[in-house]
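Comments concern the structure below.
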Amino acid sequence: MTKTVLFLISFIALCFLCYSQEKKVNVYGVAFYNLENLFDTINNNGNYDLEFSPQGDKQWNGAKYNSKLKNMASVFKEMAGKFIPQGPAVYGVVELENRSVLEDLVNQKSIKEWHLQIVHYDSPDKRGVDVALIYNPRLFKVLSSATHNLYLSKNPNFRTRDQLVVTGLLGGAKVSVIVNHWPSRLGGESSSSYLREAAASLTKHIADSLFRDDPNGGIIIMGDFNDDPTNKSLKEVLGGRKEISQTEKSDFYNTVWPIFDRGIGSLAYNGSWNMFDQILISNNLLGKDENDPLKFWKAEVFNKPFLTTEEGEYKGYPKRTFSSGVFINGYSDHYPVLIYLTKRAD
């Protein structure tokens, strides 16, 4: 009887081991973060850049700039964990001044060992802020990159951030990442919505072109959209879906919409939460088909306590760099968002 029990226990353990080995996967993190005014201290843009210079209202000097860099790098470092010990494979970043500030960021002591690389182009935005992609070359291999300008025929003088497209190999699977920072709600949400809907149309056009070139390639759309998942720009124009079951071939699954439905956001204003920072993925990254290049696992708003204001008027909000014009040595007025994709290990 004892031998039989021992045999059964051994057999079950062997089966479990084989199953675990068969299901072993590699995990890849994909992150997006609004860096909230990562500016250097040099005024290269007249009145638009004066604010972030030693002569400006914020008295933006080397000490504050270096502290900001250190804080941003610490966020990147903290994203590394049990499943992604080297941190995310790619980080979409926005609200940065130029390539130089990104080079200073990736060379910070806490993350320098990762040898992170940069894809960056100057945008025509009047304020001088750009979008970019930072990536770990051990996990993501860049094949090509390009930018697309949002042109409005009825408003030809309008300037905003370009949309960055980077195509590469993530765990050997071909994936294109579109990084966005859509026009703000300046002047009011409803009166400015046409700008974000135009931006969404451009993003959809880019994605459709990528699909035509390679129907099997995955697409990740990320950004600070200045709209929530429920707004027309994302829900209707871009085709973002809340449920995996609702996501058809030409749609995109909005990975953070279910989180937003639980009352969680990436930034707060006047006592309410918004989810402007989002990551959407193409249908073929959901793992519905065994031939899908990667499989979505989970998403999160990276709202850790150290990134959160502990007291005062803005208690519970993201801990930003300045509060009411006073330097508080925070991080950003946005939380990062992060998704995990898996690929069966060879």
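Counting heavy atoms from C-beta on, the side chains of I259 and V301 come closer than 4.5 Å. Considering only heavy atoms from C-beta on, E36 comes within 4.5 Å of K68 through its side chain. Contact annotation: the side chain of K58 approaches that of F322 to within less than 4.5 Å [non-hydrogen atoms, C-beta and beyond]. Looking at D224 and H181, their side chains come closer than 4.5 Å, going by heavy atoms from C-beta outward. Between Y28 and I84 there is no side-chain heavy-atom pair separated by less than 4.5 Å. Between P124 and N149, some side-chain heavy-atom pair lies under the 4.5 Å cut-off. Counting only heavy atoms from C-beta outward, the side chains of V175 and T167 never approach each other to under 4.5 Å. Considering only heavy atoms from C-beta on, E300 comes within 4.5 Å of Y340 through its side chain.
Side-chain atoms of Q278 come within 3.5 Å of backbone atoms of D227 as a donor-acceptor pair (strictly under, hydrogens ignored). Looking at N71, its side chain does come within 3.5 Å of a backbone N or O of G330 through a donor-acceptor pair. One N or O on the side chain of Q117 and one on the backbone of H115 form a donor-acceptor pair closer than 3.5 Å. In terms of modelled atom types and a separation under 3.5 Å, the side chain of D251 and the main chain of G240 share no donor-acceptor contact. A side-chain donor-acceptor contact under 3.5 Å links N61 to the backbone of K64. N34 contributes no side-chain N or O that, together with a main-chain N or O of H334, makes up a donor-acceptor pair within less than 3.5 Å. A donor-acceptor distance shorter than 3.5 angstrom exists from the side chain of S184 to the backbone of L186, with no hydrogens or angles considered. Panel note: side chain S193, backbone S190; a donor-acceptor pair is recorded below 3.5 Å. S209 places a side-chain N or O within donor-acceptor distance of the main-chain N or O of H205, the cut-off being under 3.5 Å. Side-chain atoms of S272 do not come within 3.5 Å of backbone N or O of A268 as any donor-acceptor pair.
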Practice item. Dump the intermediate steps for side chain to side chain contact (heavy atoms under 4.5 Å, CB included) on K343 and K295, then the final yes or no. Key: CA-CA 6 Å; K343 186 174 187 292; K295 182 177 181 180; over 6 Å; no
Practice item. Starting from the C-alpha separation in whole Å, work towards a yes-or-no answer on salt bridge (charged side-chain N to carboxylate O under 4.0 Å, His left out) for R212 and D208. Key: CA-CA 6 Å; R212 282 195 297 269; D208 288 345; 5.2 Å; no
Point to revise | Derivation of the side chain to side chain contact (heavy atoms under 4.5 Å, CB included) call for V119 and L164 | key: CA-CA 9 Å; V119 180; L164 171 65; 4.1 Å; yes
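Residues meeting the salt bridge (charged side-chain N to carboxylate O under 4.0 Å, His left out) test with K242, sequence neighbours left out: D261.
Within the structure, ring-ring contact (aromatic ring centres under 6.0 Å, His included) contacts touching residues 69-98 (residues at least two apart or in different chains) are F76-Y91, F83-W297. Within the structure, side-chain hydrogen bond (donor to acceptor under 3.5 Å, both in side chains) contacts touching residues 120-131 (residues at least two apart or in different chains) are N37-R127, H120-D130, Y121-S145, D125-R161.
Under a 4.5 Å side-chain heavy-atom criterion applied to ILVMFWY residues, the cluster that includes L169 comprises L143 as well. If you chain together ILVMFWY residues whose side-chain heavy atoms come under 4.5 Å of each other, L210 ends up grouped with L150, L152, F158, V165, I178, W182, Y194, L195, L202, I206, F211, I219, I221, F225, L234, L238, F252, L280. Hydrophobic side-chain contacts under 4.5 Å tie Y317 into a cluster, directly or through other members, with Y314.
Between atom CG of residue L133 and atom CD1 of residue I118 there is a gap of 10.0 Å, rounded to the nearest 0.5 Å.
Residues V94 and M79 are members of one and the same hydrophobic cluster, defined by side-chain heavy-atom contacts under 4.5 angstrom among Ile, Leu, Val, Met, Phe, Trp and Tyr. Put simply, L341 and W257 are part of two different groups of oily side chains (I, L, V, M, F, W, Y) that touch within less than 4.5 Å, one to the next. Tracing side-chain contacts under 4.5 Å through hydrophobic residues (I, L, V, M, F, W, Y), one reaches L69 starting from V129; they form part of the same cluster. Criterion: ILVMFWY side-chain heavy atoms under 4.5 Å apart, direct or through other members. Under it, V166 and V93 are part of a common hydrophobic cluster. Note on V179: it clusters hydrophobically with F302, by side-chain heavy-atom contacts below 4.5 Å among ILVMFWY residues.
Ion pairing between E197 and K204 fails under the 4.0 Å rule for side-chain N and carboxylate O. Salt-bridge formation is detected for the pair E189/R185: a Lys NZ or Arg NE/NH1/NH2 atom is positioned less than 4.0 Å from an Asp or Glu carboxylate oxygen.
Note: Y331 and F306 meet the aromatic proximity criterion, with ring centroids under 6.0 Å apart.
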